[in-house]
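Proteins get letters first, then strands, A, B, ... in listed order; numbering begins at 1 in each. As a basis for the values below, the full set of heavy atoms in this structure was taken, side chains included, without hydrogen atoms, waters or symmetry mates.
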Protein chains: 2
Amino acid sequence: MNKCDCALCEFRTIVFEDLSSNEIYSVCGYKTEKNYKKGDVIIREGSQINDFLYLKSGLVKLYKLSKDGKDQIISIAKPLDFVSLVSIFSDKTYNFSISAIEDSTVCSVDLKFIKELISKNGNFALNIMQKMSRNFDNIINNTFNLQKKHLRGRIAHILLFFANEIYKNNEFELPLSRKEIAQLIDMTTENVIRILSEFRQDKLIEIHGKNTIIINLNKLNSIAEHG
Amino acid sequence: MNKCDCALCEFRTIVFEDLSSNEIYSVCGYKTEKNYKKGDVIIREGSQINDFLYLKSGLVKLYKLSKDGKDQIISIAKPLDFVSLVSIFSDKTYNFSISAIEDSTVCSVDLKFIKELISKNGNFALNIMQKMSRNFDNIINNTFNLQKKHLRGRIAHILLFFANEIYKNNEFELPLSRKEIAQLIDMTTENVIRILSEFRQDKLIEIHGKNTIIINLNKLNSIAEHG
DNA sequence: TTTACAACATGATAATTATCATAAAATATT
DNA sequence: AATATTTTATGATAATTATCATGTTGTAAA
């Protein structure tokens, strides 16, 4: 049983809190850690599901090919999020892809081993269900909320998402291209570009090279909420 | 340990297949069965989650209040479906409502008891996760697919859904009002009515009183797929 | 450095959808 | 049965969004 730092990993408090010390050590034997550069594909849609994945650091997008051949982004996962959707427990192959949108480190634990743990340790099972359940809820709520906002509201929402939830800062480098933002909030690339320009002209944001700065948080909030 | 028919219930093969005979019998003690008339509210958003619910017969809608005060329907559940979303494992209170859209029978099992079973019987846990996982996938896929169809495609889709998945028949009584269909596929009531009229004029469907009959399945399929 | 290619930008127009108005038909209420 | 209310129905118009066209800028490859 090789030594590893799983017992100390922050993620332990998220999913593995119900495991005994012995169990935690056994996780190490089935765990690998991998680094990805921005742009790297981590999982390709259609490939076999062998691992339980979670994001240690960085930022990734989960996306799938729609019938008209375009990618649509299902969600953005941040550190300590599951990178696998719950569907890893029902399917044999991934029905979505995962790519790094920032340099990322992904931990993967053999899925068979996780399933064994689940069947042996009921509290662990409940815990996983709870976490995945919350993940599901967030995706559903987000999708439904976005769906009925106008384009400006959606763009405001996504800017606030990056500022508040991801970077905790009003100045950040957008990790997604305009095209990707369009895929995430279901609109055309042209309109993403256009509305960001409008926001800049209206002095809600500033764009300096790759950096985006939110300069009128209140107005942006109100656009995200009401229009 | 009172006798009940859980061991014979069709639902056993769906979720409870991994339970021992003893466990199945113990389910009986924590189970109640309730009948609802079309229109009855089964669960009201915000109320406490105490039970694990599944639909024995009938048809129900899961819906929630959106910020603008309108209901939006998340999904339609048919017999043997979970009526609870996965969120029952992460939340204390329901963040959605459930109503019968046809006369229905709902079985409810004490959630604490289910959680105990999960923690004692790992295979049961895995099985539940698998089922919920599939449920999640269906909702997500459906939502994303509908989202990028035009109004006519969405109406065609919903007609085919009732014909193929629910009633297994090209003639059926629509269980939802035009207004509810609008809430399910995110459009205005007027447009639902308008497009159903168009479909009737184009001889794709017939509407006789409460009954809807699909008379051009191929065309409807093609509209659902491509436009 | 030149060349290619993708990302960003903006205007004009067409397509799609929502809103508003008005009314008939069906259903529920008194 | 008479009255009110909801559901279905349809047209006209306004608002929203996509598409197409055309350029510029930035970035990667030869």
Side-chain angles (χ1 to χ4, degrees), chain A residues 37-40 61 66 68-73 99 101 146-159 173-202 205-212 223-224 226-227, chain B residues 37-40 66 68-73 99 101 146-159 173-202 204-212 223-224 226-227:
Chain A
K37 284 277 168 204
K38 175 168 183 161
D40 287 355
K61 63 173 177 178
S66 69
D68 56 348
K70 289 173 196 157
D71 284 336
Q72 59 188 157
I73 297 179
S99 289
I101 57 175
L146 268 180
Q147 200 167 34
K148 74 168 110 44
K149 286 189 210 292
H150 285 170
L151 301 190
R152 288 168 61 89
R154 288 185 223 163
I155 295 284
H157 177 97
I158 211 67
L159 288 170
E173 185 173 322
L174 262 180
L176 299 176
S177 69
R178 311 292 196 251
K179 186 179 171 188
E180 286 173 311
I181 293 175
Q183 291 166 357
L184 177 59
I185 59 183
D186 192 35
M187 53 196 276
T188 59
T189 307
E190 291 97 321
N191 279 330
V192 174
I193 292 168
R194 206 187 309 274
I195 291 164
L196 282 172
S197 289
E198 284 172 23
F199 281 3
R200 195 188 44 203
Q201 282 156 27
D202 295 348
I205 61 174
E206 282 175 11
I207 300 174
H208 296 130
K210 291 186 172 298
N211 269 37
T212 304
I223 290 172
H226 319 104
Chain B
K37 285 276 168 205
K38 175 168 181 160
D40 286 355
S66 70
D68 55 348
K70 290 175 197 157
D71 284 335
Q72 59 188 159
I73 298 180
S99 288
I101 57 175
L146 269 179
Q147 199 167 36
K148 76 167 105 46
K149 284 189 211 295
H150 284 171
L151 301 191
R152 289 169 60 89
R154 287 185 224 163
I155 295 283
H157 177 97
I158 211 68
L159 288 170
E173 186 173 321
L174 262 180
L176 298 176
S177 69
R178 311 293 196 251
K179 187 178 171 188
E180 286 173 309
I181 294 175
Q183 290 166 358
L184 177 58
I185 59 183
D186 193 33
M187 52 195 276
T188 60
T189 307
E190 291 97 322
N191 279 330
V192 174
I193 293 168
R194 206 187 310 273
I195 289 164
L196 281 172
S197 290
E198 284 171 22
F199 281 4
R200 196 188 43 203
Q201 282 155 27
D202 296 347
L204 303 176
I205 60 173
E206 282 175 12
I207 301 174
H208 296 130
K210 290 184 170 302
N211 269 39
T212 304
I223 291 172
H226 320 104

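A:K148 comes within contact range of no nucleotide atom at all, as no heavy-atom separation falls under 4.0 Å. Using a 4.0 Å heavy-atom criterion, one finds that B:L151 contacts the sugar-phosphate atoms exclusively. In this structure, B:R200 reaches the sugar-phosphate backbone alone: every heavy-atom distance under 4.0 Å involves primed, P, OP1 or OP2 atoms, never a base.
When rounded to the nearest whole Å, the span between CZ of B:R194 and P of C:dT17 equals 12 Å. Following rounding to the nearest Å, B:I207 (CD1) and C:dA26 (P) show an atom-to-atom distance of 13 Å. Between the C1' atom of C:dT16 and the CD atom of B:E190 lies a distance of 15 Å, rounded to the nearest Å. Regarding B:N191, its CG atom lies at a distance of 14 Å from the P atom of D:dA9, rounded to whole Å. If you take CZ of A:F199 and C1' of C:dA9, they are 16 Å apart, rounded to a whole angstrom. Taking atom CG of residue B:L196 and atom C1' of nucleotide D:dA9, one finds them 11 Å apart after rounding to whole Å. Straight-line distance from the CD1 atom of A:I193 to the C1' atom of D:dG23: 13 Å, rounded to whole Å. We find that CE of B:M187 is positioned 16 Å from C1' of C:dA15, with the value rounded to whole Å.
When every heavy atom of A:D71 is checked against every heavy atom of A:Q183, the shortest pair comes out as O-CG, 3.2 Å. Shown here for A:A156 and A:I223, the closest heavy-atom pair between the two residues is CB-CG2, 3.8 Å. Nearest approach of A:I185 to A:R154, heavy atoms of both residues: O-NH1, 3.0 Å. Considering all non-hydrogen atoms of both residues, A:L151 and A:I195 come closest at CB-CD1, 3.4 Å. Here the closest non-hydrogen pair linking B:K149 and B:A224 is NZ-O, 2.8 Å.
In terms of phosphate contacts, A:T189 brings no side-chain nitrogen or oxygen within less than 4.0 Å of OP1 or OP2 of C:dA7. For the OP1/OP2 pair of C:dT10 and a distance below 4.0 Å, the side-chain nitrogens and oxygens of A:S197 include at least one atom meeting the criterion.
Heavy atoms from other residues, nucleotides or ligands lying under 6.0 Å from NZ of B:K38 number more than 12. Within 6.0 Å of NZ on A:K148 lie more than 12 heavy atoms contributed by other residues, nucleotides or ligands.
In this structure, A:D40 contributes its side chain and A:K37 its backbone to a donor-acceptor pair below 3.5 Å.
Residue A:I193 holds its CD1 atom at 10.0 Å from CD1 of A:I155, rounded to the nearest 0.5 Å.
Rounded to 10°, the angle separating the first-five-pair axis and the last-five-pair axis of the helix from C:dT1-D:dA30 to C:dT30-D:dA1 equals 50°.
Annotation: of the two residues near DNA chain D, A:H150 and B:E198, the 5′-most nearest-nucleotide partner is B:E198.
Residues from residues 173-185 of chain B that place a heavy atom under 4.0 Å from any atom of DNA chain C: there are none.
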